[in-house]
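Some notes on the structure that comes next.
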Amino acid sequence: GVRKVLKEIGAKKNVVKKQKDYFFNLSKNRDVKIPPRLKLRVEGKKQTLIFYQRANFSKSGDTPANIILLPVEDKKMLPFLIKALGVRVVVEKTRELWKKENTVFHLDKVKNIGNIFEIEVWSQQRTEAKDRTKFAEYRKKLLPHMGKIVNGSNEDLALKAKNKSLARN
């Protein structure tokens, strides 16, 4: 159903890719309401360091995020970050990416978790009102095809799955 709606709204399937995200341990700051996350995404030979802060997703509205992307050329970055910060969890997924203008739709099949869908609107201040309206339209059309809204991130889901697995053993 999701792919049918994406086609109806004019989104185009862009690519399917394998991603492996290494989430790193960051120190906790009790004064920060939204915890920051740091991950290194590996896609084949391409690496991107991603820092972000995002509140839990909401069924009723959008979820603004502060995201910084840094392409990484140095293959020693992963071992360096593992040694310096330690890996909290690793998330592996196959991502089907669809696009329409400044909106990206992710259909993810996440190992040990399941299927996750996400809408990202890359907005600028001058287009923010129009982008919020667009996002609300997409959400309204796609929500009937969705399961429950996921709180947290793939990092949180992977940690839950890992802890359940450890508890069973």
Side-chain angles (χ1 to χ4, degrees), residues 6 11-58 61-128 131-132 134-135 138 149-166:
L6 290 174
K12 302 285 185 224
K13 185 174 173 182
N14 189 286
V15 68
V16 176
K17 51 189 168 181
K18 300 269 188 208
Q19 297 178 332
K20 192 170 189 176
D21 292 342
Y22 295 84
F23 285 87
F24 299 100
N25 295 308
L26 295 177
S27 61
K28 303 275 188 244
N29 181 345
R30 296 173 205 255
D31 298 333
V32 176
K33 290 182 181 180
I34 302 169
R37 300 178 191 271
L38 179 68
K39 65 183 175 184
L40 182 72
R41 172 166 291 155
V42 178
E43 296 174 350
K45 294 183 181 192
K46 180 182 168 191
Q47 296 183 105
T48 307
L49 191 59
I50 303 167
F51 173 87
Y52 69 99
Q53 286 179 285
R54 178 184 65 217
N56 286 340
F57 293 109
S58 163
D62 59 347
T63 310
N66 176 21
I67 302 171
I68 301 169
L69 304 171
L70 179 67
V72 175
E73 299 292 328
D74 193 336
K75 300 301 177 200
K76 295 177 189 167
M77 181 62 76
L78 179 58
F80 171 81
L81 289 170
I82 290 171
K83 189 165 187 151
L85 300 173
V87 174
R88 187 166 159 85
V89 72
V90 177
V91 174
E92 294 181 66
K93 65 183 171 242
T94 301
R95 170 163 282 177
E96 189 176 314
L97 194 135
W98 292 63
K99 284 187 177 182
K100 181 180 178 188
E101 298 163 351
N102 63 330
T103 305
V104 181
F105 305 89
H106 301 149
L107 287 86
D108 294 342
K109 185 174 182 75
V110 185
K111 184 177 178 180
N112 299 323
I113 295 171
N115 297 324
I116 304 286
F117 177 75
E118 183 179 54
I119 303 171
E120 283 183 10
V121 179
W122 291 85
S123 190
Q124 296 177 7
Q125 197 170 19
R126 63 182 167 77
T127 63
E128 194 170 335
D131 292 336
R132 284 183 188 277
K134 211 178 347 175
F135 177 82
Y138 298 152
I149 300 294
V150 174
N151 283 323
S153 75
N154 285 340
E155 175 186 12
D156 302 317
L157 297 172
L159 283 169
K160 271 187 204 172
K162 181 179 169 182
N163 290 337
K164 278 184 187 178
S165 175
L166 290 174

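- At most 12 heavy atoms of other shown residues, nucleotides or ligands fall within 6.0 angstrom of atom NZ in K18.
- The distance from the CG atom of L40 to the CD atom of Q47 is 5.0 Å, given to the nearest 0.5 Å.
- By the ring pair (Phe, Tyr, Trp, His ring centres under 6.0 Å) test, Y22 pairs with no residue at all, sequence neighbours left out.
- L107 and L6 get closest at one heavy-atom pair: CD1-CD1, 3.7 Å.
- Every side chain to side chain contact (heavy atoms under 4.5 Å, CB included) that K100 has, sequence neighbours left out, goes to A11, F105, Y138.
- The shortest heavy-atom contact between L26 and P36 is CD1-O, 3.6 Å.
- By the salt bridge (charged side-chain N to carboxylate O under 4.0 Å, His left out) test, D21 pairs with K39, R41, K93, sequence neighbours left out.
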- Message: Applying side-chain contact (heavy atoms from CB on, under 4.5 Å) to K17 and T94, what does each step give before you reach the verdict?
- Response: CA-CA 6 Å; K17 51 189 168 181; T94 301; over 6 Å; no
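- Atom CZ of F23 is separated from atom CG of D156 by 8.5 Å, given to the nearest 0.5 angstrom.
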Using a 3.5 Å cut-off and no angle test, enumerate the donor-acceptor pairs between side-chain atoms of residues 68-88 and protein atoms at least two apart in sequence or in another chain.
| residue | atom | partner | partner atom | Å |
| --- | --- | --- | --- | --- |
| D74 | OD1 | K76 | N | 2.8 |
| K75 | NZ | K45 | O | 2.5 |
| R88 | NE | E155 | OE2 | 2.8 |

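- V91 has its side chain out of reach of K20: every pair of non-hydrogen atoms, C-beta onward, lies at least 4.5 Å apart.
- Contact annotation: the side chain of E120 never approaches that of L97 to less than 4.5 Å [non-hydrogen atoms, C-beta and beyond].
- D131 approaches Q124 most closely through the heavy-atom pair OD2-N, 4.1 Å.
- Taking CD from E92 and CD from Q19, the interatomic distance works out to 11.5 Å, rounded to the nearest 0.5 Å.
- Of the charged side-chain nitrogens involved, at least one lies within less than 4.0 Å of a carboxylate oxygen, so that E101 and K134 count as a salt-bridged pair.
- For K99, there are no salt bridge (charged side-chain N to carboxylate O under 4.0 Å, His left out) partners at least two apart in sequence or on another chain.
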Only pairs under 3.5 Å count here: list side-chain donor-acceptor contacts from residues 110-117, not counting sequence neighbours, and write none if there are none.
none

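- Summarising the geometry, atom OH belonging to Y52 is positioned 10.0 Å from atom CG belonging to L38; distances are rounded to the nearest 0.5 Å.
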